[in-house]
Amino acid sequence: MKIYLASNSPRRKELLAGLDIDFEVKVLEGIDESYPQDLPVGKVAEYISKTKANAYKDVIGDDELVITADTIVVLHDKVMGKPEGREDAVNMLKTLSGKTHQVITGVCLTTKTQQRVTSVVSEVTFKELSDEEINYYVDRYKPYDKAGAYGIQEWIGYIGVTGLKGSYFNVMGLPVQRIYQELRLMGVVTHGDKARRE
């Protein structure tokens with residue numbers, strides 16, 4: 001089975017490579033990532049990842065599988081996507097400062113004959129961030145391509161994250177443990193099986 005990762009994110013590419021799986025990046029442009037406003041926040045990431053996946057259904061072959069994903073940040077039942085600019089990024093981090101929020105990544109694994117949709121939730125706690133710290137991070141790292149305006153693997157994670165419950169890799173943008181589990185259930189990867197038999 002040939003595997004495609006439908007993401008330009010260098011973080012997702014690095015994380016999926018960590019599973020020792022051969023894959024290629026294949027990205028279709030112009031996919032609508034909107035979602036119904038009455039959709040429960042816990043289902044938004046799954047909905048968007050499935051929308052992305054459905055765009056690939058007509059372009060993948062019988063022996064191909066595509067992995068799509070979407071990550072959102074949720075605070076007080078409100079979804080935070082990617083910031084629209086510097087001011088938006090600063091405001092997002094001020095909102096997250098001193099609080100615990102959820103990071104939800106929805107993942108969809110799609111072949112011609114089956115589709116598996118799942119999501120993983122992690123909880124992240126930030127210390128009280130000063131205006132200086134927020135401004136430094138936003139100006140230096142420009143986190144405009146990241147949900148919630150931060151990357152946990154960057155400086156802000158080193159100095160600001162005081163608690164994490166759940167998968168660290170999920171917060172980075174790809175719940176690789178769950179993806180590995182799903183690929184095994186689909187019979188796509190069998191790492192460890194030969195060693196166990198021997």
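Note: hydrogens, waters and symmetry copies are ignored here, and every other heavy atom, side chains too, is used. Everything numeric here is computed off the predicted structure, so don't read it as measured data.
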Spell out, yes or no, whether [X] and [Y] are grouped together once hydrophobic residues are joined by side-chain heavy atoms under 4.5 Å, including indirect joins.
{"X": "V124", "Y": "L96", "value": "yes"}
{"X": "L174", "Y": "I72", "value": "no"}
{"X": "V117", "Y": "L5", "value": "no"}
{"X": "L39", "Y": "V41", "value": "yes"}
{"X": "M80", "Y": "V44", "value": "no"}

Quick check: closest heavy atoms across [X] and [Y], and the distance to 0.1 Å?
{"X": "A45", "Y": "G106", "answer": "CB-N, 3.3 Å"}
{"X": "I156", "Y": "G151", "answer": "CG2-O, 3.7 Å"}
{"X": "L129", "Y": "L93", "answer": "CD1-O, 4.1 Å"}
{"X": "K142", "Y": "D139", "answer": "NZ-O, 2.6 Å"}
{"X": "V25", "Y": "S7", "answer": "CG1-O, 3.2 Å"}
{"X": "S119", "Y": "E46", "answer": "OG-OE2, 2.8 Å"}

Original post:
What do the steps show when you test K127 against E133 for side chain to side chain contact (heavy atoms under 4.5 Å, CB included), and what is the final call?
Top reply: CA-CA 11 Å; K127 71 163 190 156; E133 288 167 341; 2.9 Å; yes
Look at the side chain of [X] and the backbone N and O of [Y], then say whether any donor-acceptor pair between them is shorter than 3.5 Å.
{"X": "S49", "Y": "T68", "answer": "no"}
{"X": "K78", "Y": "V74", "answer": "no"}
{"X": "T95", "Y": "N91", "answer": "yes"}
{"X": "T125", "Y": "T100", "answer": "no"}

Subject >> Ring centers of Y56, Y4 separated by less than 6.0 Å >> reply: no
Can you tell me how far apart [atom1] ([X]) and [atom2] ([Y]) are? Round to the nearest 0.5 Å.
{"X": "K26", "Y": "I3", "atom1": "NZ", "atom2": "CD1", "answer": "13.5 Å"}
{"X": "I21", "Y": "L16", "atom1": "CD1", "atom2": "CG", "answer": "5.5 Å"}
{"X": "E33", "Y": "Y47", "atom1": "CD", "atom2": "OH", "answer": "12.0 Å"}

Subject >> D145 and R11 ion-paired at < 4.0 Å >> reply: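 Judged by the 4.0 Å cut-off on N to carboxylate O distance, D145 and R11 do form a salt bridge.
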**OP:** Answer yes when K112 and D63 have at least one side-chain N-carboxylate O distance shorter than 4.0 Å, and no when they do not.
**Re:** no
[Y] and [X], any side-chain heavy atoms less than 4.5 Å apart:
{"X": "L15", "Y": "M172", "answer": "yes"}
{"X": "C108", "Y": "K52", "answer": "no"}
{"X": "R116", "Y": "M186", "answer": "yes"}
{"X": "I179", "Y": "V107", "answer": "yes"}
{"X": "T105", "Y": "D70", "answer": "no"}
{"X": "E29", "Y": "N8", "answer": "yes"}
{"X": "K43", "Y": "K50", "answer": "no"}
{"X": "I134", "Y": "K94", "answer": "yes"}

Are [X] and [Y] close enough that a side-chain donor and a side-chain acceptor fall under 3.5 Å?
{"X": "N135", "Y": "R140", "value": "no"}
{"X": "T111", "Y": "E64", "value": "no"}
{"X": "T71", "Y": "R12", "value": "yes"}
{"X": "S122", "Y": "N170", "value": "yes"}
{"X": "T110", "Y": "Q115", "value": "yes"}

[X] atom [atom1], neighbour heavy-atom count above 12 within 6.0 Å:
{"X": "K13", "atom1": "NZ", "result": "no"}
{"X": "Y137", "atom1": "OH", "result": "yes"}
{"X": "Q114", "atom1": "CD", "result": "yes"}

Subject >> Aromatic plane relationship, Y150 with F126 - under 30° parallel, 30 to 60° tilted, over 60° perpendicular >> reply: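 Correct class here is perpendicular.
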**OP:** Fit a plane to each ring of Y141 and Y136, take the angle between them on a 0 to 90° scale, and name the class: parallel (under 30°), tilted (30 to 60°) or perpendicular (over 60°).
**Re:**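 If you compare the ring of Y141 with that of Y136, the planes turn out perpendicular.
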Subject >> Evaluation steps, side-chain hydrogen bond (donor to acceptor under 3.5 Å, both in side chains), between T118 and E182 >> reply: CA-CA 9 Å; T118 186; E182 293 292 329; 4.6 Å; no
**OP:** Dump the intermediate steps for side chain to side chain contact (heavy atoms under 4.5 Å, CB included) on F23 and K2, then the final yes or no.
**Re:** CA-CA 7 Å; F23 69 93; K2 189 163 189 176; over 6 Å; no
Original post:
Can you name the one residue among D62, V189, D22, L65 that meets side-chain contact (heavy atoms from CB on, under 4.5 Å) with M1?
Top reply: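 Of the listed options, the one satisfying the test is L65.
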Original post:
Can V121 and V103 be said to form a side chain to side chain contact (heavy atoms under 4.5 Å, CB included), step by step?
Top reply: CA-CA 6 Å; V121 182; V103 178; over 6 Å; no
